[in-house]
Amino acid sequence: QVQLVESGGGLVQPGGSLRLSCAASGRILDYYAIAWFRQAPGKEREGVSCISASDGMTYYADSMRGRFTISRDNAKNTLYLQMNSLKPEDTAVYYCAMNKYYYCSDQWAGGLEYDYWGQGTQVTVSS
């Protein structure tokens, strides 16, 4: 059974930065793509970013590209999301999820090809 545990959320002012972490049980980052999603109150879950296991290729939702950076440390079994220039509309619960494939497909942001999810970490952007 895979476990994913997110951390690093909190309250930050607009324009600020946060780094989220997702600790995985076992060396899944070597074999499976892994992604970040978020869900704001009253809104649907949306894909934030995905990183492939095979070649480390990264993918971003348009609204996050240039502000967010996904990375991983396979030796530590940990996924990261560096978030800069945060906006109030970035307020959401952020989740990491393990893909059933080793790559991020064209449908990575749809959320349907993930076998395991973390419990989420709250990010609040407010002055």
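These numbers were taken from a predicted model, which means no experiment stands behind them.
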Asks: What's the spacing between I70 CD1 and Y59 OH if we round to 0.5 Å?
Replies: 11.5 Å
Asks: Starting at CD1 of I34, measure out to CG of L4 and round the result to the nearest 0.5 Å.
Replies: 5.0 Å
Asks: Are any non-hydrogen side-chain atoms of V2 and S25 less than 4.5 angstrom apart?
Replies: yes
Asks: If you measure from CZ on R72 to CD1 on I51, what distance do you get to the nearest 0.5 Å?
Replies: 4.5 Å
Asks: Can you name the residues that form a side-chain contact (heavy atoms from CB on, under 4.5 Å) with S127, not counting sequence neighbours?
Replies: P14
Asks: Name all residues meeting the side-chain contact (heavy atoms from CB on, under 4.5 Å) criterion together with Y114; count only those two or more places apart in sequence or in a different chain, and write none if there are none.
Replies: A35, F37, C50, A97, N99, W108, W117
Asks: Does D106 CG have over 12 foreign heavy atoms under 6.0 Å away?
Replies: no
Asks: Which pairs pass salt bridge (charged side-chain N to carboxylate O under 4.0 Å, His left out) with one or both residues in residues 8-30, sequence neighbours excluded?
Replies: R27-D30
Asks: Go through the structure and list residues passing salt bridge (charged side-chain N to carboxylate O under 4.0 Å, His left out) with R67, not counting sequence neighbours.
Replies: D90
Asks: Identify, with sequence neighbours excluded, every residue that meets side-chain contact (heavy atoms from CB on, under 4.5 Å) alongside A92.
Replies: R38, A40, Y94
Asks: Considering residues at least two apart in sequence or located in another chain, which fulfil the salt bridge (charged side-chain N to carboxylate O under 4.0 Å, His left out) criterion with D62?
Replies: R65
Asks: Restricting to side-chain contact (heavy atoms from CB on, under 4.5 Å), what partner residues turn up for Y103, sequence neighbours left out?
Replies: S52, S54, Y101, S105
Asks: Return each pair, listed once, that meets disulfide bond (SG atoms under 2.5 Å apart) where at least one residue sits in residues 10-46; pairs must be two or more places apart or across chains.
Replies: C22-C96
Asks: Can you tell me how far CD of Q122 sits from OG1 of T91, rounded to the nearest 0.5 angstrom?
Replies: 7.0 Å
Asks: Who are the side-chain hydrogen bond (donor to acceptor under 3.5 Å, both in side chains) partners of T69, not counting sequence neighbours?
Replies: none
Asks: To the nearest 0.5 Å, what is the distance between OH (Y95) and CG (L20)?
Replies: 12.5 Å
Asks: If you look only at distance, which donor and acceptor atoms sit under 3.5 Å apart when one is on a side chain in residues 77-84 and the other is two or more places apart or in another chain?
Replies:
| from | atom 1 | to | atom 2 | distance (Å) |
| --- | --- | --- | --- | --- |
| T78 | OG1 | K76 | O | 2.8 |
| Q82 | NE2 | N84 | OD1 | 2.9 |
| N84 | OD1 | S17 | OG | 2.9 |

Asks: What heavy-atom pair brings L29 and D73 nearest, and what distance separates the two atoms?
Replies: CD1-O, 4.1 Å
Asks: So if you build clusters from Ile, Leu, Val, Met, Phe, Trp, Tyr with side-chain heavy-atom gaps below 4.5 Å, do Y31 and M98 land together?
Replies: yes
Asks: List the residues meeting salt bridge (charged side-chain N to carboxylate O under 4.0 Å, His left out) with D115, not counting sequence neighbours, and say none if there are none.
Replies: none
Asks: Would you please name every residue forming a salt bridge (charged side-chain N to carboxylate O under 4.0 Å, His left out) with E89, sequence neighbours left out?
Replies: none
